[in-house]
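A quick write-up on the structure given underneath.
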Amino acid sequence: MIADVAFDVPVPHPFSYRVPPGWVLAPGQRVLAPLRGAKRVGLVLALRDGGGADLKPLLQIVDASPVLSAAQLELVRWIARESLSSVGSTCAALLPPPLPDAVRRGWRGERPPRTAGGRDPRQDPRMASGRWGGRGAARLELLIGAGREERLLETIGTAGADALVLTHDVETAARWAARLGALGGVVRLDSGAREGERARGWAALARGAARLAVGTRSALLAPLPSPAIVAVVDEHDAAHKPPGAPRIHSRDVVLERAARDGCRAIFTTATPSVEMWWRAESGRVALVAGPSGPWPTVTIADTRGILRREAATPALVRAIRETLAAGQRALLVLSRFASSLACDECGAVVRCERCAIALSWSRARGTLDCRVCGGSAPAAETCRQCHGRRLSPFGWGAERVEHEVRRRFPQARVARYDPEATRGARGTAQRTAADVAEIVIGTRGALRLFGPAALGLAAFVSPDQLLRLPDFRATERAFALMWAAAERVRPDGRLIVQSQTPAHYAFAALTEQSLPLFYKHELKFRAELGYPPFRRLAIVTVRAAKGGDTPRVAEAVAAALRGSARLTVYPPAPDRRDRLRRVVVKGDGELPSLLATALEGLPASPSRSRGIIDVEVDPVEWPF
Ligand SMILES: [Zn+2]
Ligand SMILES: [Zn+2]
């Protein structure tokens with residue numbers, strides 16, 4: 001017998017080994033095998049007849065039984081194709097690490113291990129393709145509005161089905177593990193659990209000994225029998241697509257899993273991704289709105305011409321004073337500096353005429369560059385809208401806002417909560433201070449300090465910085481953040497947004513607590529400019545082994561991509577430090593396979609000495 005084994009290496013094809021005589025082995029089982037002079041754990045993809053006399057033998061069986069069924073392996077292949085990752089890297093990211101013990105000791109192939117019940121695990125009906133792979137009518141639901149997470153919990157409780165809850169971070173996974181724990185035994189498959197615990201939890205799900213699971217994206221393939229509930233909490237969060245292979249959003253995998261195995265997929269979010277809203281609007285996902293819930297009074301404070309002198313408008317100062325007097329807490333949210341230019345007088349942003357996203361300003365080169373089409377222009381002198389002569393990358397930093405707040409409210413307990421302030425040795429003290437401060441000044445991460453309706457006041461000092469990020473998702477993300485802040489304010493509290501563009505539709509939708517209003521405008525913009533969900537995007541990053549060769553290699557890559565008539569290929573553009581080139585590509589639903597075909601024959605990533613050609617499909621955060 002010959003086994004085809006995939007390893008966690010960026011090589012698209014599997015490696016072949018001889019199976020020692022007498023071994024009982026199945027696809028989906030992990031083995032130890034020699035690879036480039038080292039012993040590596042790999043996953044058996046297929047077994048075929050043949051002597052394989054010229055092949056190296058496998059060394060050890062790692063898993064007592066397959067960790068992936070045939071149907072799951074098919075899903076893995078789909079994920080690898082969609083994300084242009086290797087099957088081996090995909091498996092490594094989406095499986096719990098094998099028990100260290102099992103790797104050291106190995107299973108003797110000739111004596112298949114037995115489960116507690118004495119059955120051969122390979123005969124387990126729940127692992128047979130007929131069960132996990134059984135196709136049913138998929139139910140897809142999008143839960144929005146107040147109490148969405150409580151409604152999900154209730155659904156899981158009453159459905160009596162097996163359930164998997166996927167979260168974007170370990171903190172949220174822990175919260176869900178506690179909630180589901182009330183319904184019965186729950187296994188944790190995220191890195192918040194010890195490694196052995198994850199491997200044992202996975203096995204318990206496979207044999208039906210556990211019925212509820214929580215995890216981050218590494219739990220996407222958790223073996224639950226159909227019909228199960230697979231839920232994605234905070235569907236819109238970019239953290240559902242972490243860096244590292246396979247670069248794909250958990251939402252997309254769950255949608256595919258539901259289509260294949262008929263599981264009931266439930267997505268919860270306050271502000272769906274534009275792609276998800278569009279699916280709901282076109283009837284492919286059922287929108288379950290729930291009540292709209294209490295909402296604070298929203299004030300949009302116009303800062304045109306005044307923000308340069310003071311970080312806080314009179315409206316904000318008054319609101320802080322009233323909040324402190326009422327014994328409530330205030331949060332002032334700051335944003336990272338935008339690398340774009342805007343007019344101080346009228347707030348207009350310098351945008352690319354073709355792509356409509358903010359142009360990225362390079363102080364060093366004195367140029368404005370488009371991060372989509374690669375177009376470049378000398379920095380403008382005057383505002384195109386009002387002919388004002390002050391264009392700047394202006395914004396407020398945490399330190400300056402803290403100084404101003406302390407000066408105005410010397411009696412108040414003020415604490416900063418941003419990556420800079422909470423780092424290092426001082427960080428712990430800073431976090432403790434923020435827990436009890438009356439006024440917290442922080443970045444988006446500070447929202448986690450506050451539960452629903454915990455704040456008397458939330459304020460965005462200059463969210464224009466967010467709207468001006470050179471990313472077509474800038475508005476979607478800014479809107480999601482402001483909405484999340486509003487949910488943390490008491491119904492009798494206030495949300496204040498200071499802006500140079502107070503008439504922006506994102507602010508109108510926030511004020512009216514209206515998701516449809518926001519998505520109507522956002523979808524129109526996306527449709528007109530050919531952004532997702534209407535077209536798919538990819539970023540191809542090129543860096544040659546010798547820096548000087550990068551422009552030439554990037555041109556070769558772009559030329560290869562242009563060979564496909566169904567791809568829109570923009571000229572290669574340098575990053576800010578001019579160390580690599582990025583080629584932005586637009587295409588239809590078949591984008592991954594079109595990219596794979598077009599790039600075939602070009603040197604792939606594995607050999608770093610030969611440089612890097614890296615493809616990210618459906619990027620969620622634009623590299624600046
Ligand atoms: Zn202007
Ligand atoms: Zn452009």
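Counting starts at 1 for both ligands and their atoms, in listed order. All values below come from the heavy atoms of this structure, side chains included, with hydrogens, waters and symmetry mates left out. Sequential numbering from 1 along the given sequence is applied to the chain's residues.
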(message) Would you say Thr303 and Gln500 are linked by a side-chain donor-acceptor pair, where the criterion is simply a distance under 3.5 Å?
(response) no
(request) Nearest 10° is fine: what angle sits at the Zn ion (ligand 2) between SG from Cys370 and SG from Cys355? (result) 110°
(message) Once rounded to the nearest 0.5 Å, what's the spacing between atom CG of Leu515 and atom OG1 of Thr271?
(response) 7.5 Å
(request) Answer yes or no for Arg526 and Trp278: cation-pi contact, defined as NZ/CZ to six-membered ring centre under 6.0 Å and angle to ring axis within 45°. (result) no
(message) I need the single residue from Thr323, Thr297, Thr299 that forms a side-chain hydrogen bond (donor to acceptor under 3.5 Å, both in side chains) with Arg494. Which is it?
(response) Thr299
(request) Using the Zn ion (ligand 1) as the apex, give the angle to atoms SG (Cys343) and SG (Cys386), rounded to 10 degrees. (result) 100°
(message) Restricting to N/O/S atoms, is His387 within less than 2.8 Å of the Zn ion (ligand 1) or not?
(response) no
